[in-house]
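This report refers to the structure that appears directly beneath it.
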Amino acid sequence: MTMSRARVARRIATAAAVGGGGAGLLGVAAVGLLLTEVRLARRTVGGSTELPPPADGRYGATFWYRTDRTPLRLGFLGDSTAAGQGVTRARQTPGALLASGLAAIAERPVDLRNVALPGAQSDDLERQVTLLLADGPAPDVCVIMIGANDVTHRMPFATSVRMLSEAVARLREAGCEVVVGTCPDLGTIEPVYQPLRWVARRLSRQLAAAQTIGVVENGGRTVSLGDLLGPEFEANPRELFSSDNYHPSAEGYATAAMAVLPTLCAALGLWPEEEERPEPARREGFLPVEEAAAQAASEGGTEVAGSRAPWALLKHRRRQRIAVQAEEPATETEEERAP
């Protein structure tokens with residue numbers, strides 16, 4: 001299965017590079033059925049119509065007033081998951097969680113700018129990148145979470161991967177490190193039943209593998225989210241889904257952030273050098289990029305980073321909860337009032 005997924009992912013990525021289309025592994029009929037099922041599921045569970053809480057601002061209050069600690073700039077792009085839809089407090093969004101965790105590890109303030117849009121597909125990334133780069137200096141690092149709406153809205157996978165690859169390339173040219181959380185597992189949505197739950201899972205993993213190839217070949221890193229959250233969502237749906245049963249809860253976002261944070265720190269060179277060496281005992285190593293992508297799509301929390309083409313480094317980074325006091329973002333006015 002992994003080798004088959006690797007071959008299909010490579011075909012999708014190649015089509016993306018040359019501007020081709022293609023419905024993906026299971027064809028338009030299966031995707032159409034999935035789309036109908038997911039729409040019915042969203043209608044059944046209600047779906048959140050409230051806008052995510054704005055989380056832009058400065059994090060890491062302990063380090064705000066140290067003149068030798070220049071703030072890191074963190075950009076966030078993508079869809080409703082990147083925006084944090086489903087939670088009610090800014091500090092519960094994935095952007096705020098990662099900004100707080102990054103500040104604690106780097107011992108520097110972190111300025112968060114989130115331009116993600118609920119409902120966005122990969123073709124909105126061009127607008128989001130333009131918006132992010134138009135306002136002040138480019139971020140030091142950007143996180144992108146995208147893909148679920150591409151599957152449910154029948155965007156050809158090659159088109160989806162091409163749009164994401166172009167966004168990563170633009171951000172890298174602007175000097176940003178880029179970490180992409182690949183397509184989540186749509187098979188975890190509770191009202192989606194078999195056999196379409198299987199179809200949703202297979203499509204999600206196929207797109208995630210193809211996304212990984214496009215991202216790594218344009219200088220970014222990926223972290224697979226689907227299988228990471230899948231078993232936990234299935235085992236604890238009331239805890240890890242929000243009240244709309246569609247988006248993650250605060251606990252679900254925290255689980256995803258714990259997986260992404262080590263890769264975010266690695267991209268910025270904050271981990272010790274020995275942490276960057278592959279550990280064979282942890283099934284890490286250098287693989288052809290399409291094989292690394294296929295393996296990562298099947299095992300959540302797996303990082304894939306570029307090495308020397310056509311090879312990629314597959315890492316299973318140790319996840320640990322960072323002891324960070326939850327905080328709301330500081331606005332400029334609040335900073336000016338502070339002593």
* **Contacts of type side chain to side chain donor-acceptor pair (under 3.5 Å), residue Arg172, not counting sequence neighbours** => none
* Minimum side-chain heavy-atom gap Met155-Asp123 below 4.5 Å -> yes
* Asked: For the atom pair OG1 (Thr182) and CG (Leu207), what is the distance rounded to the nearest 0.5 Å?
  -> 8.5 Å
* To do: Could you check Tyr59 against Leu102 for side chain to side chain contact (heavy atoms under 4.5 Å, CB included), going step by step and ending with a plain yes or no?
  => CA-CA 9 Å; Tyr59 293 80; Leu102 184 59; over 6 Å; no
* Asked: Would you say the side-chain atoms of Lys315 pair up with the backbone N or O of Glu279, donor to acceptor, closer than 3.5 Å?
  -> no
* Asn149 (side chain) donor-acceptor with Ala120 (main chain) under 3.5 angstrom -> yes
* Can Val179 be reached from Leu98 by stepping across I, L, V, M, F, W or Y side chains whose heavy atoms are under 4.5 Å apart? -> yes
* Asked: When rounded to the nearest 0.5 angstrom, what is the spacing between CZ in Arg91 and CG in Leu97?
  -> 10.5 Å
* Drop me the distance from Asn218's CG to Glu173's CD, to the nearest 0.5 angstrom. => 9.0 Å
* Structure fact -> Contacts of Glu166 meeting side chain to side chain contact (heavy atoms under 4.5 Å, CB included) (sequence neighbours excluded), chain-then-number -> Arg162, Met163
* Structure fact -> Connected to Val168, directly or through other members, by ILVMFWY side-chain contacts below 4.5 Å are Leu77, Val115, Leu125, Val129, Leu131, Leu132, Leu133, Ile144, Ile146, Leu164, Leu171, Val178, Val180, Val215
* To do: Can you see which heavy atom on Val223 is nearest to which on Ala259, and at what distance?
  => CG1-O, 3.9 Å
* Asked: Linking I/L/V/M/F/W/Y whenever any side-chain heavy atoms sit under 4.5 Å apart, do Val143 and Leu268 land together?
  -> yes
* Output yes when a side-chain donor or acceptor of Asp140 lies under 3.5 Å from a complementary backbone atom of Arg73, and no otherwise. => yes
* Asked: So, for Ala208 and Ala297, which heavy atoms are closest and what is the spacing to 0.1 Å?
  -> CB-CB, 4.3 Å
* Those residues that, when tested against Leu314, pass side chain to side chain contact (heavy atoms under 4.5 Å, CB included) (two or more places apart) -> Leu287, Ala292, Gln295, Thr302, His316
* Structure fact -> Between Phe76 and the options Pro94, Cys142, Pro139, the side chain to side chain contact (heavy atoms under 4.5 Å, CB included) test singles out Pro94
* Show your reasoning for whether side chain to side chain contact (heavy atoms under 4.5 Å, CB included) applies to Asn114 and Thr93. => CA-CA 10 Å; Asn114 195 327; Thr93 64; 5.8 Å; no
* **Minimum side-chain heavy-atom gap Val260-Leu225 below 4.5 Å** => yes
* To do: Using side chain to side chain donor-acceptor pair (under 3.5 Å) as the criterion, list what pairs up with Gln128, not counting sequence neighbours.
  => Asp124
* To do: Could you pull out the closest heavy-atom pair between Ala106 and Leu72, with the gap in Å?
  => CB-CD1, 3.8 Å
* Considering all heavy atoms, the nearest Ala266-Trp271 contact -> CB-CD1, 4.2 Å
* Can you tell me how far OG of Ser100 sits from CG of Leu261, rounded to the nearest 0.5 angstrom? -> 10.0 Å
* Who passes side chain to side chain contact (heavy atoms under 4.5 Å, CB included) against Glu217, sequence neighbours left out? -> Arg10, Ile213, Val289
* Is a side-chain N or O of Arg221 found less than 3.5 angstrom from the main chain of Ala305, in a donor-acceptor match? -> no
* Asked: Side chains of Asp150 and Cys183: does their closest heavy-atom pair fall under 4.5 Å?
  -> no
* Asked: Under 3.5 Å, is there a donor-acceptor pair between the side chain of Glu177 and the main chain of Val141?
  -> no
* To do: Give, for atom CD of Glu107 and atom CZ of Phe63, the distance between the pair rounded to the nearest 0.5 Å.
  => 5.0 Å
* Asked: What pair of heavy atoms forms the shortest contact from Tyr253 to Thr81, and how long is it?
  -> CE2-O, 3.4 Å
* **Closest contact, heavy atoms only, Gly84 versus Pro52** => C-CB, 3.9 Å
* To do: For residues 74-90, pull every pair meeting salt bridge (Lys or Arg N to Asp or Glu O under 4.0 Å), keeping only residues two or more places apart or in separate chains.
  => Arg89-Glu328
* To do: Using atom types as modelled and distance alone, determine if a side-chain donor or acceptor of Ser224 lies under 3.5 Å from a backbone N or O of Ala296.
  => yes
* Inter-residue atom distance Ser160.OG - Gln121.CD, 0.5 Å rounding -> 8.5 Å
* Asked: Taking only residues two or more places apart in sequence, or in another chain, which ones meet Thr130 in a side chain to side chain donor-acceptor pair (under 3.5 Å)?
  -> Arg170
* **Those residues that, when tested against Arg317, pass side chain to side chain donor-acceptor pair (under 3.5 Å) (two or more places apart)** => Glu276, Glu303
* **Qualifying residues under side chain to side chain contact (heavy atoms under 4.5 Å, CB included), relative to Pro54, sequence neighbours excluded** => none
